[in-house]
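Notes follow the structure.
The figures that follow rest on heavy atoms only: side chains count, while hydrogens, waters and symmetry mates do not. The sequence lines fix the lettering, A, B, ..., with proteins before strands; numbering per chain opens at 1.
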Amino acid sequence: MGFKKLPLSFYLRGDVVQISKDLLGKVLVTAWNDEKTSGRIVETEAYAGEIDKASHASKGKTARTTVIFGSGGAAYVYLCYGIHQMFNIVTSKEGTAHAILIRAVEPIEGVDIMLQRTGKKVLDHSLTRGPGNVGKVFGFHTSQCGLSLVSDELFIADDGFKIKEQNIGSSPRIGVDYAGDDALLPYRFYVKGNPFVSGKIKK
DNA sequence: GAGTAGATCCTCT
DNA sequence: GAGGATCTACTCA
C-alpha cells in the first residue's frame with residue numbers, strides 16, 4: 001500500500017472541480033509541534049475564482065485573499081464568525097483565484113489530539129464534520145495562511161484508497177445563499193454514505 | 001425533532 | 001460599523 005505525498009503539480013491544474021473530486025479519499029496530514037494528526041477527506045467544495053460570487057476572491061484581490069490569487073499548493077486559512085478557522089487549498093497557477101474548502105474528514109491518526117483540541121471526550125461523527133470543526137481538530141490558525149502543502153508539517157497524501165465514481169455525490173454548496181445564482185452551482189462533492197459528511201443533517 | 005439565537009473577531013466599506 | 005464559506009445549545013412542541 002503506497003503512501004505518497006501529492007506533488008505540487010497536483011494543485012497546479014486548472015480544473016478546480018476535477019481537483020475537488022480527486023481530493024476525496026486523500027489523506028490530510030498536519031504535524032506541527034510533534035502532534036501528528038491525519039484524516040481522510042470526505043467532503044470538499046470548489047470555489048472558482050473571481051467570477052464565483054460565493055468566493056472571497058470575487059471581491060477582488062485584498063490583503064486577505066492574496067493567497068488565493070497566488071500559486072496552487074498553498075493553504076488558505078480564514079476566520080469565520082470570529083470562531084471557526086476554515087482550511088482551504090489554493091489551486092491553479094498564480095493569478096487564478098481557485099480554492100477548495102475542506103468541509104469534512106474522517107479521523108485516522110491523532111484522534112486523542114483532536115479530542116484535546118476540541119474539548120470533546122469521545123470520537124463520534126461530530127468531531128470532524130463541518131469546516132469549522134476540520135479547522136479545529138487539525139489545529140489550523142489564520143497565522144498558517146499561505147503555508148505550503150508540500151512541506152513536512154502540512155501535506156496531503158495518497159494512500160491508495162480509491163473512491164468509486166458512483167460513490168461520489170455532488171450538490172450545491174452550503175451556507176452561501178448570499179451568492180445569488182452561483183449559490184446553485186453543484187460545486188460540493190462528498191463521499192456517499194459516509195457518516196462524517198456534513199450535508200444530511202443540514203437544512 | 002425542528003427551529004432559532006448567540007457566540008466572537010477579523011476584514012472590508 | 002457591519003457582516004460573514006459556522007457550530008452549538010437551548011427552546012418549544
Side-chain angles (χ1 to χ4, degrees), chain A residues 11 16-17 19-21 23-24 28 39 41-70 72 74-92 96-107 114-147 149 169-191 194-203:
Chain A
Y11 307 102
V16 67
V17 171
I19 299 174
S20 298
K21 285 201 275 189
L23 281 172
L24 292 176
L28 172 64
I41 298 169
V42 296
E43 188 180 357
T44 61
E45 273 182 14
Y47 286 85
E50 299 166 86
I51 57 167
D52 184 349
K53 287 196 281 295
S55 170
H56 294 158
S58 65
K59 294 172 186 163
K61 190 172 178 177
T62 65
R64 184 175 66 166
T65 60
T66 296
V67 176
I68 312 179
F69 284 85
Y76 170 54
V77 185
Y78 157 65
L79 178 67
C80 186
Y81 296 91
I83 306 172
H84 306 292
Q85 319 281 337
M86 314 259 273
F87 170 62
N88 297 250
I89 295 166
V90 179
T91 69
S92 195
T96 308
H98 288 178
I100 299 169
L101 170 68
I102 304 302
R103 290 194 59 88
V105 303
E106 180 181 331
M114 295 179 181
L115 292 173
Q116 195 180 335
R117 285 173 178 159
T118 55
K120 290 183 189 297
K121 296 283 186 291
V122 294
L123 170 65
D124 64 6
H125 11 300
S126 72
L127 181 65
T128 55
R129 186 185 59 201
N133 289 325
V134 171
K136 196 187 272 183
V137 300
F138 282 99
F140 283 110
H141 186 266
T142 51
S143 65
Q144 274 139 357
C145 193
L147 281 188
L149 282 169
S170 64
S171 79
R173 288 169 295 187
I174 294 174
V176 293
D177 297 338
Y178 61 87
D181 293 342
D182 286 338
L184 303 175
L185 292 171
Y187 277 3
R188 169 173 170 263
F189 303 100
Y190 58 94
V191 179
N194 189 295
F196 291 94
V197 172
S198 66
K200 291 173 186 168
I201 61 156
K202 302 287 286 190
K203 33 185 158 179

If you measure from the ring centre of A:Y47 to the centre of the six-membered ring in the base of C:dA5, is it under 5.5 Å, with the planes under 30° apart?
yes
Rounded to the Å, how far apart are A:Y76 OH and C:dA5 P?
9 Å
For the C1' atoms, the ones on B:dG3 and on C:dA5, what distance do you get once it is rounded to whole angstrom?
22 Å
What is the separation between atom NZ on A:K59 and atom P on C:dA2, rounded to the nearest whole Å?
16 Å
Nucleotide C:dG4, atom P - distance to NE2 of A:H84 in whole Å:
14 Å
Re B:dT8: Watson-Crick or G-U wobble partner, both distances kept under 3.5 Å, found to be none
Between A:F138 and A:F140, how do the two ring planes meet: parallel, tilted or perpendicular, split at 30° and 60°?
tilted
Give the ring-plane orientation class for A:F196 versus A:H125, where under 30° counts as parallel, over 60° as perpendicular and anything between as tilted.
perpendicular
A:G132 near the nucleic acid: base, sugar-phosphate alone, or nothing, with a heavy-atom cut-off under 4.0 Å?
sugar-phosphate
Atom-pair distance (NE2 on A:H98; P on C:dA5), nearest Å
18 Å
Gap between atoms NE2 and C1', on A:H125 and C:dT8 respectively (whole Å)
16 Å
Whole-Å distance separating the OH atom of A:Y81 from the P atom of C:dA2
17 Å
A:Y187 atom OH: more than 12 heavy-atom contacts under 6.0 Å:
no
Report yes or no: does A:D182 contribute a side-chain atom to a donor-acceptor pair with the main-chain N or O of A:A54 at less than 3.5 Å?
no
What nucleic acid atoms does A:N88 come within less than 4.0 Å of, heavy atoms only: base, sugar-phosphate, or nothing?
base
When the nearest nucleotide of DNA chain B is assigned to A:I83 and to A:T142 on a heavy-atom basis, which residue is associated with the more 5' position?
A:I83
